[in-house]
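Heavy-atom basis, side chains included; hydrogens, waters and symmetry copies ignored. In the text below, chain A, chain B and the rest are named by the order of the sequence lines, each starting its count at 1.
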4 protein chains.
Amino acid sequence: MTHSSRPSITRLRKTPSQARAEETVESIIEAAAQVLEAEGLEGFNTNAIARRAGVSIGSLYQYFPGKDALTVALIQRETRRFYDDAAAALTQRSGKAALEYLIGASVRQQLQRPMLAKLLDVQESSPALRGEVEKVEFDALVVAIVRRVAPRFEHPEVAAADLLAIVQGLTDAAGERGERDLESLEHRVRAAAFGYLSRVARRGKHSARAGGM
Amino acid sequence: MTHSSRPSITRLRKTPSQARAEETVESIIEAAAQVLEAEGLEGFNTNAIARRAGVSIGSLYQYFPGKDALTVALIQRETRRFYDDAAAALTQRSGKAALEYLIGASVRQQLQRPMLAKLLDVQESSPALRGEVEKVEFDALVVAIVRRVAPRFEHPEVAAADLLAIVQGLTDAAGERGERDLESLEHRVRAAAFGYLSRVARRGKHSARAGGM
Amino acid sequence: MTHSSRPSITRLRKTPSQARAEETVESIIEAAAQVLEAEGLEGFNTNAIARRAGVSIGSLYQYFPGKDALTVALIQRETRRFYDDAAAALTQRSGKAALEYLIGASVRQQLQRPMLAKLLDVQESSPALRGEVEKVEFDALVVAIVRRVAPRFEHPEVAAADLLAIVQGLTDAAGERGERDLESLEHRVRAAAFGYLSRVARRGKHSARAGGM
Amino acid sequence: MTHSSRPSITRLRKTPSQARAEETVESIIEAAAQVLEAEGLEGFNTNAIARRAGVSIGSLYQYFPGKDALTVALIQRETRRFYDDAAAALTQRSGKAALEYLIGASVRQQLQRPMLAKLLDVQESSPALRGEVEKVEFDALVVAIVRRVAPRFEHPEVAAADLLAIVQGLTDAAGERGERDLESLEHRVRAAAFGYLSRVARRGKHSARAGGM
DNA sequence: TATGAATGAGGCTTCATTCAT
DNA sequence: CATGAATGAAGCCTCATTCAT
C-alpha cells in the first residue's frame with residue numbers, strides 16, 4: 001500500500017538530516033501558507049516566501065526542487081491537518097455523529113484557513129501538479145463515513161464526493177463572505193448534507209443509492 | 001446600493017461607437033474564453049489572446065485598459081449568459097419549478113463552460129478585481145427564487161448564497177471529475193438543494209428561516 | 001532533401017516582418033559575436049548580449065526562443081560566412097589549388113574570428129545543441145575537394161574530416177598563441193595537409209585511400 | 001622563464017601532510033574526472049563532485065581554494081599521466097620511433113579520456129585559469145623529440161606546437177566522431193605528422209626549418 | 001486606428017562559496 | 001578537521017504594457 005517511488009515533483013530534494021534543516025523546511029512551508037493568506041495568489045512567489053521564512057532563496061531550493069513542490073507540500077500539510085482532525089469522525093458511535101463530526105471539522109478548518117480551497121483549484125489547473133497530491137486516504141475516510149450513514153448506497157464514492165463538494169462549497173463561500181458564525185454555518189451545512197443523503201435515493205438508476213436509508 | 005461611478009479598471013477604454021469596434025471587442029472576449037478553455041490559466045495571457053482573436057496586441061489595448069479589464073469582461077459575459085438562461089426560472093409556475101429550473105441552468109452551464117469557476121476563483125484572489133464584477137442582478141434572481149420556494153425565510157440572502165454555493169460546489173466538482181451524466185447530476189443537486197431548504201429551518205435563531213416551509 | 005520541420009531550438013520565434021525587426025535580429029547576433037570575442041565564454045550571457053546589442057532582454061527573447069537558439073544562430077552565421085568564402089575553392093582549376101584555397105580561407109577565418117572554435121566546442125558539449133547545426137553542406141564541400149585532389153580515396157569523408165581537423169587544429173592553436181603571420185601559418189598548414197594526403201595511402205586496409213595519388 | 005611565485009589560484013590550500021589528506025585530495029580529483037566524463041561540462045559543479053567523491057562540500061573547499069583550482073588540478077593530473085606515458089618516447093632509438101611513440105601515446109590517451117580536450121578549451125577561455133597550467137615540461141618533451149627527428153629546424157618550438165596541434169586535432173575529432181579503430185587513426189596521424197615535417201622545410205624564410213631533414 | 005516591435009520589472013532557479021556546529 | 005545548511009549574486013526567461021510607425 002506504499003506509493004510508487006517514481007521521481008516526483010513533490011519529494012524533498014534532500015532529506016533534512018539535521019534538526020536545523022527540518023526547522024527550515026517547516027518554516028518555509030509555514031511562510032508559504034502565510035504569504036498565500038496575506039498576499040493571495042498574486043504574491044505567492046518563491047522570493048516572498050523565502051523572505052517571510054527568514055531564509056535565503058537558496059535555502060528554499062535546497063529543500064524543494066521547485067515552486068510546484070513547495071505548493072504541493074503546503075497542500076499536503078493542510079490536507080493532513082484536516083485529515084488528522086477529521087479522522088476522529090470514525091470513532092463516533094453512530095454514522096450520523098460521524099458525519100456531523102466531519103462537517104464540524106470542515107467548518108473549523110475552512111474558517112481558520114480559507115486559503116486551502118484556492119490552492120486546490122490552482123493545483124487542479126496546473127498540469128504539472130495533477131496527481132501529485134495524495135487524496136486517497138482522505139477520500140477513503142469520507143467513503144467510510146458514507147457507508148456508515150447510508151450503508152446501502154450503491155456508489156458511496158459518488159455520495160462521498162458530493163458531500164465533500166457540498167461541505168466545501170458552503171464553507172468556502174461563507175469564508176469568502178467573511179462569515180464567522182460557526183454555529184449557524186454548521187447548522188446549514190448539516191441541513192445540506194443530511195438533506196442530500198435523505199433525498200438522493202428517491203430515484204431509480206441515477207441515484208447514488210440502492211436501498212432505503 | 002448602486003455603484004459609485006469611480007473610474008474603474010473594468011470599464012472599456014472607449015465605448016465602441018461603431019459596429020466594427022464592437023465586433024472586435026466581442027472577438028477578443030471570445031478569444032479569451034477559448035484560450036482559457038484550451039490552455040488553462042497557465043496560457044491565459046494577453047499576447048495569446050490577441051493572437052487567437054486575430055488582432056494585434058496593440059488593438060487589444062485599444063479596447064481594454066489592461067488584462068484585468070478583459071478578465072472582468074469575460075466573467076461578465078459568462079455571468080450574463082448564465083443569467084439570461086437562469087432568469088427564465090422566474091416564469092415558472094411554482095417556486096419549486098423555479099428552483100429546479102435554476103439548477104438545470106447551472107448544471108448545463110457548468111458542464112459546458114467549466115472555466116468560469118476557475119476564473120471566478122482567480123478573480124477573488126486578485127485584489128484588483130475585487131468588487132469589479134457585478135453580481136447584484138444575479139444574486140437578486142436567486143433571492144427572488146428563494147422567496148418563492150420558502151417565503152418565510154428571515155434571511156433569504158443567506159439561503160440564496162448557500163444554494164448557489166451548493167449548486168456550484170456540486171457541479172464544479174462533477175466537472176472536475178469529468179462527469180457527463182447530466183440527469184444524474186441534476187438529480188443529486190436537487191436533492192442537496194431541496195434537502196437544504198427543508199432542513200435548514202429546524203432550528204431556532206441560527207436558522208436562515210423564521211417559519212415553516 | 002529539405003530538412004524535416006520538427007520543432008527546433010534553432011528557429012526564430014517570429015519571422016521578422018518589418019525591416020526594424022530584421023535589423024534587431026542581426027544586431028543581436030552581431031552582439032553575441034562581440035561579447036564572445038571580448039568576454040569569452042564566461043561573459044557570454046543573454047543580458048550582456050542584449051546590452052551590447054542596444055536592445056532590451058525582452059527583444060532578444062522575441063526573436064530567439066532561448067540562449068541555445070542564439071548560440072546556434074551565431075554558429076550558423078559564422079559557418080555560412082566561412083562556407084561562402086571557402087566555396088570558391090571549387091572554382092579553382094586544379095584540386096591542389098582548391099585545397100590551397102580552402103586552407104587559405106580557413107586561416108583567414110580563424111585569425112579573424114578565433115571564437116568559432118570555442119563555440120563549436122560548447123555546442124558539442126551541450127546535449128541540447130547536438131545536431132542543431134547544419135554541417136552537411138560544409139562537409140560536402142570538403143569531400144568534393146578531397147575527391148578532386150585525391151580521386152581514388154576509398155573513404156573521402158574520412159580524409160575530409162581529417163583535413164578539417166588538421167587545418168582547424170593548427171589554426172586554432174596558432175590563434176591561441178596569438179600568431180599573426182599568415183604566410184608562415186598557411187605554409188605550415190599546407191605542409192600538414194598535403195603531407196597527410198600523400199602519405200596516408202601507404203598502408204593497406206586502414207588507409208583512407210584505395211589507390212595511388 | 002621561471003614562474004613567479006605569486007599567490008596562485010592553483011595551489012592547494014594546504015599541503016596534505018597526512019596520508020589521509022592526500023587520499024582525500026586524490027578522491028576529489030578522481031570524482032571531478034568522473035563527473036566530467038559522465039555529465040559533461042554541464043554537470044561539472046562542485047557539489048556534484050563532492051557528492052561523487054563521498055566527501056562534504058566543506059571538505060572539498062578545505063583542500064581546494066576554489067573550483068578553478070580543482071579544475072587545474074585535474075588538468076595537471078591528466079597532463080602528467082600523458083606525460084609519464086609519452087616521456088618514454090625519449091628512450092626510443094630513433095627520432096622517428098620517438099615521434100611514433102608520442103603519437104601512439106596521444107591516440108591512446110585521447111580515446112581513453114576524451115574529456116581532457118574539452119577541459120583544456122574551457123581553461124583557455126577562462127581568464128582566471130590562463131597560465132595556471134604548467135605546460136612547460138610537456139612542451140619541452142615535444143621539442144626534444146622534434147630536435148631528434150629534424151635536428152636542423154630553426155624554430156623547433158613552432159614545429160612542436162604544430163605537431164601537438166595536428167595530433168590533438170585529429171584525435172579529438174576522431175573521438176568526437178566516436179571512432180574506435182586505433183590502428184587506422186594512428187596511421188593517419190602519422191601521415192599528417194611526418195608529412196608535415198617532411199614538407200614544412202620546402203620554403204625559405206617562413207619555414208620552421210633551416211636545413212635539410 | 002491598427003500594428004507589432006520593443007520594453008523591463010520581476011519571477012524562477014543554479015551553484016560557487018561561507019560558516020556555525 | 002568534517003559536515004552540510006545557508007547564502008545570494010547572477011543567469012534565464014515571461015508577459016503585461018507602451019509607443020513609434
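F:dC13 atom P lies 9 Å from atom CG of C:Leu60, rounded to whole Å. Separating the CZ atom of A:Phe64 from the P atom of E:dT14 is a distance of 14 Å, rounded to the nearest angstrom. Computed from coordinates, the C:Glu23 CD to F:dA20 C1' distance equals 14 Å when rounded to whole Å. Distance B:Glu42 CD to F:dC15 C1': 13 Å, rounded to the nearest Å. Atom CD of C:Glu22 is separated from atom C1' of E:dA6 by 17 Å (rounded to the nearest Å). One atom, CG of B:Asp68, and another, C1' of F:dC15, lie 14 Å apart when rounded to the nearest Å. The interatomic distance linking C:Tyr63 (OH) with F:dT14 (C1') rounds to 16 Å, in whole Å. Between the C1' atom of F:dC1 and the OH atom of D:Tyr61 lies a distance of 18 Å, rounded to the nearest Å.
Distance from the side chain of C:Ile57 is smallest for F:dC13 among the nucleotides F:dC13, E:dT7, F:dT7. The side chain of D:Thr46 lies closest to E:dT17, out of E:dA9, E:dT17, E:dT13. Considering only side-chain atoms of D:Gln62, the nucleotide from E:dA2, F:dA2, E:dA16 that sits closest is F:dA2. Comparing F:dA16, E:dT7, E:dG4 by their nearest atom to the side chain of B:Ser56 picks out E:dG4. Distance from the side chain of C:Asn45 is smallest to F:dC12 among F:dA6, E:dA5, F:dC12. Considering only the side chain of A:Thr24, F:dA5 comes nearest among F:dC12, F:dA5, E:dT7. The side chain of A:Val55 lies closest to F:dT7 when the candidates are E:dA2, F:dT7, F:dA5.
You'll find the side chain of A:Arg81 stays beyond 4.5 Å of the side chain of A:Gln76, heavy atoms only. Side-chain contact between C:Ile29 and C:Phe64 is present, with heavy atoms from C-beta onward closer than 4.5 Å.
Among the heavy atoms of the strands lying under 4.0 Å from C:Asn47 is at least one base atom, whether or not backbone atoms are also near.
Counting only distance, with no hydrogens or angles, the side chain of C:Thr71 and the backbone of C:Lys67 share a donor-acceptor pair below 3.5 Å. Between the side chain of D:Ser59 and the main chain of D:Gln62, no donor-acceptor pair closer than 3.5 Å is present.
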Checklist entry - How does DNA chain E look in dot-bracket notation if pairs are Watson-Crick or G-U with both distances under 3.5 Å, crossing ones as [ ], other-strand ones as |? => result .||||||||||||||||||||
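Between B:Lys67 and A:Gly54, the one whose closest nucleotide on DNA chain F sits nearer the 5' end is A:Gly54. If D:Gly58 and C:Ser59 are placed on DNA chain E by their nearest nucleotide, the residue sitting closer to the 5' end is C:Ser59.
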Checklist entry - Between C:Glu30 and C:Arg77, does a salt bridge (Lys or Arg N to Asp or Glu O under 4.0 Å) hold up when you go through it step by step? => result CA-CA 9 Å; C:Glu30 177 57 28; C:Arg77 189 187 78 162; 2.9 Å; yes
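To the nearest 0.5 Å, atoms OG1 (D:Thr79) and CG (D:Leu74) are separated by 8.5 Å. Note that the CD1 atom of B:Ile28 and the OH atom of B:Tyr61 stand 11.0 Å from one another [nearest 0.5 Å].
In terms of heavy-atom proximity, D:Leu60 sits nearest to D:Leu70 at CD1-CD2, 4.2 Å.
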